[in-house]
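Below is one structure, written out as structure tokens; the observations come after it.
Since we're looking at a predicted model, the values are computed, not measured. In what follows, every heavy atom counts, from backbone to side chain, and hydrogens, waters and symmetry copies are set aside.
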Amino acid sequence: MDIDALRSFIAFVDTGSFTRAAKQTFRTQSAISMQMKRLEEDTGHTLFVKEGRNLGLTEQGQQLVSYARRLVALHDEALGHFSTHLQHPPLVIGCPDDYAESILPSLVDLIRETLPSQSLRIICDCSTQLRLMLDQGKVDLAVLSRAPDMEEGYLLKHDTGVWVKGANVGKVEGIKPLPLVLYEPDCKFHSAAIDGLEKQGREYQIMCSSASATVMKGLLRKGHGVSAMAMSSVSYGLEIIQSSDLPAVPSVDIVLAVAPVPHPLFGSHLAANLSQRFVAQKN
């Protein structure tokens, strides 16, 4: 089976979209369709099934996912083995600002242990933008938040959403309207917080929204509002609000996603290995 076709197949499985799979692999959707038809011819089975407006995987398609990941991982591992003595461009890592303190340093430690001579470049942005950068080949790997029912990336941590405030700020239960300092609207914590408060019929005011966790945490420490974020993002000067009056915020999976056209030294095999080591050292 063609490795590039398997990459496109995995890109579809991870993103749930032939449009994004085409962007990630720098192909047209018609080219992706031809690759999928070729995979069906190679396997002798129908791999896709119509599910309403969307396409899903047949039982044989689901079975192919495991084989495809292993084949692509072995291919990338072999290329990486024979290219370790060559000079390579920096490994570009994308990471949301809120995970720059809690997740990124430990991840970089593992990468440096594995690739001690490889230079790194780190870009901070929100998960939505980092997905676009993966699609465009502007980052080689990215730390992302995903919904727990998605297959995107390799799991680093399952995290709980919490409400937080400055450690020296008093009770917030009776404040009307409730002042909010939130991530940008494309963040699921932003939408979950607003939706939950509106369902409660509770008054709120968005004091500030920002893609920068540094900005948000500085404002929270000064008492400018409360926020919703992943528990791993709660750092010094902040505390979790222990209140049943505030709506629940969702849990998230923090994952490591690899560009479909990987860096010569960092393919899916290494991502899977680092994911397992990261999870093991945190338990």
**Message:** Tell me whether T114 contacts the main-chain N or O of L110 through its side chain, where contact means a donor paired with an acceptor under 3.5 Å.
**Reply:** yes
**Message:** I'd like to check L156 versus F278 (side-chain heavy atoms, cut-off strictly below 4.5 Å). Are they in contact?
**Reply:** yes
**Request:** Examine I10 and F18 and state if one hydrophobic cluster contains both, with Ile, Leu, Val, Met, Phe, Trp and Tyr joined whenever side-chain heavy atoms are less than 4.5 Å apart.
**Result:** yes
**Asked** Do M207 and V169 belong together in a cluster built from hydrophobic side chains that touch within less than 4.5 Å?
**Response** no
**Message:** Using the rule given for side chain to side chain contact (heavy atoms under 4.5 Å, CB included), can you reason through C126 versus D186, listing the C-alpha separation, both sets of side-chain angles and the distance that settles it, and then say yes or no?
**Reply:** CA-CA 9 Å; C126 65; D186 58 1; 3.7 Å; yes
**Item:** Residues V108, I122; criterion side chain to side chain contact (heavy atoms under 4.5 Å, CB included); working and verdict
**Value:** CA-CA 10 Å; V108 169; I122 296 172; 4.3 Å; yes
**Message:** Looking at T46, is its backbone amide N or carbonyl O close enough to the side chain of T58 to form a donor-acceptor pair, meaning the two atoms are under 3.5 Å apart?
**Reply:** yes
**Message:** Quick one about S127 and R131 (side-chain donor to acceptor, distance below 3.5 Å, no hydrogens or angles considered), yes or no?
**Reply:** no
**Asked** Taking atom OG of S210 and atom CG of D97, what is their separation to the nearest 0.5 Å?
**Response** 8.0 Å
**Asked** Are T28 and S30 linked by a side-chain donor-acceptor pair shorter than 3.5 Å?
**Response** yes
**Message:** Hydrophobic clusters here meaning ILVMFWY residues chained together by side-chain heavy-atom distances under 4.5 Å, can you tell me if V258 and L144 are in one?
**Reply:** no
**Prompt:** With distance as the sole criterion, is a donor-acceptor pair present between the side chains of Y204 and E198 under 3.5 Å?
**Reply:** yes
**Prompt:** Is there a donor-acceptor pair under 3.5 Å between the side chain of W163 and the backbone N or O of P247?
**Reply:** yes
**Asked** Same hydrophobic cluster for V139 and L256, using side-chain heavy-atom links shorter than 4.5 Å among ILVMFWY?
**Response** no
**Prompt:** Is it the case that one hydrophobic cluster holds both L115 and L120, taking links as side-chain heavy atoms less than 4.5 Å apart, direct or via other members?
**Reply:** yes
**Message:** Please check: side-chain N/O of K217 versus main-chain N/O of S233, any donor-acceptor pairing under 3.5 Å?
**Reply:** yes
**Donor-acceptor pair, side chain of Q200 and main chain of D245, under 3.5 angstrom** = yes
**N-O pairing of R27 and D4 below 4.0 Å** = yes
**Item:** Any side-chain heavy-atom pair of I241 and V226 under 4.5 Å
**Value:** yes
**Fill in**
CE of M216 to CG of L238, rounded to nearest 0.5 Å, is 9.5 Å
**Asked** Do other residues, nucleotides or ligands put more than 12 heavy atoms under 6.0 Å from R121 CZ?
**Response** no
**Prompt:** Taking it one step at a time, do K199 and D195 satisfy salt bridge (Lys or Arg N to Asp or Glu O under 4.0 Å)?
**Reply:** CA-CA 6 Å; K199 286 178 178 177; D195 185 55; 3.2 Å; yes
**Prompt:** What pairs of residues pass the salt bridge (charged side-chain N to carboxylate O under 4.0 Å, His left out) test when at least one of them lies in residues 105-119, not counting sequence neighbours?
**Reply:** E113-R277
**Request:** Establish, yes or no, whether a centroid distance under 6.0 Å links the rings of F9 and Y67.
**Result:** no
**Asked** Are the side chain of D42 and the backbone of M1 linked by a donor-acceptor contact shorter than 3.5 Å?
**Response** no
**Fill in**
Separation between OG1 (T43) and CD (Q60), nearest 0.5 Å, reads 8.0 Å
**Polar side-chain atom of S227 near backbone of V164 as donor-acceptor pair, under 3.5 Å** = no
**Message:** Donor-acceptor check, side chain of D253 to backbone of R146, threshold 3.5 angstrom: yes or no?
**Reply:** no
**Message:** Can a side-chain donor-acceptor contact be found between S145 and Y99 if the only test is distance below 3.5 angstrom?
**Reply:** yes
**Message:** Quick check: do P179 and H224 have side-chain heavy atoms less than 4.5 Å from each other?
**Reply:** no
**Check: Q29/T19 side-chain N/O donor and acceptor closer than 3.5 Å** = yes
**Message:** Check for me whether R20 meets the cation-pi criterion with F12, that is, NZ or CZ under 6.0 Å from the six-membered ring centre and within 45 degrees of the ring axis.
**Reply:** no
**Request:** Would you check if L91 and L141 make a side-chain contact, meaning some heavy-atom pair closer than 4.5 Å?
**Result:** yes
**Prompt:** So which heavy atom on V252 is nearest to which on K188, and how close?
**Reply:** CG1-CD, 3.3 Å
**Request:** Can you measure from CG (L219) to SG (C208) and round to the nearest 0.5 angstrom?
**Result:** 5.5 Å
**Request:** Write down the atom of D159, the atom of A230, and the distance for their closest heavy-atom approach.
**Result:** OD2-CB, 3.3 Å
**Request:** Decide salt bridge (Lys or Arg N to Asp or Glu O under 4.0 Å) for R69 and D14; before the verdict, give the C-alpha distance in whole Å, the side-chain angles of both, and the deciding distance to 0.1 Å.
**Result:** CA-CA 11 Å; R69 292 194 193 281; D14 285 348; 2.7 Å; yes
**Request:** Evaluate the side chain to side chain contact (heavy atoms under 4.5 Å, CB included) criterion for residues L180 and I194: first the C-alpha distance (whole Å), next the side-chain angles of each, then the deciding distance (0.1 Å), finally the verdict.
**Result:** CA-CA 9 Å; L180 301 177; I194 298 300; 3.7 Å; yes
**Request:** Would you check, one step at a time, whether the test side chain to side chain contact (heavy atoms under 4.5 Å, CB included) holds for I103 with I254?
**Result:** CA-CA 9 Å; I103 300 294; I254 304 171; 4.2 Å; yes
**Request:** Look at R221 together with E239 and state whether they make a salt bridge at an N to O cut-off of under 4.0 Å.
**Result:** no
**Asked** Is the side chain of H45 donor-acceptor paired with the backbone N or O of L47 at a distance under 3.5 Å, no angle test?
**Response** no
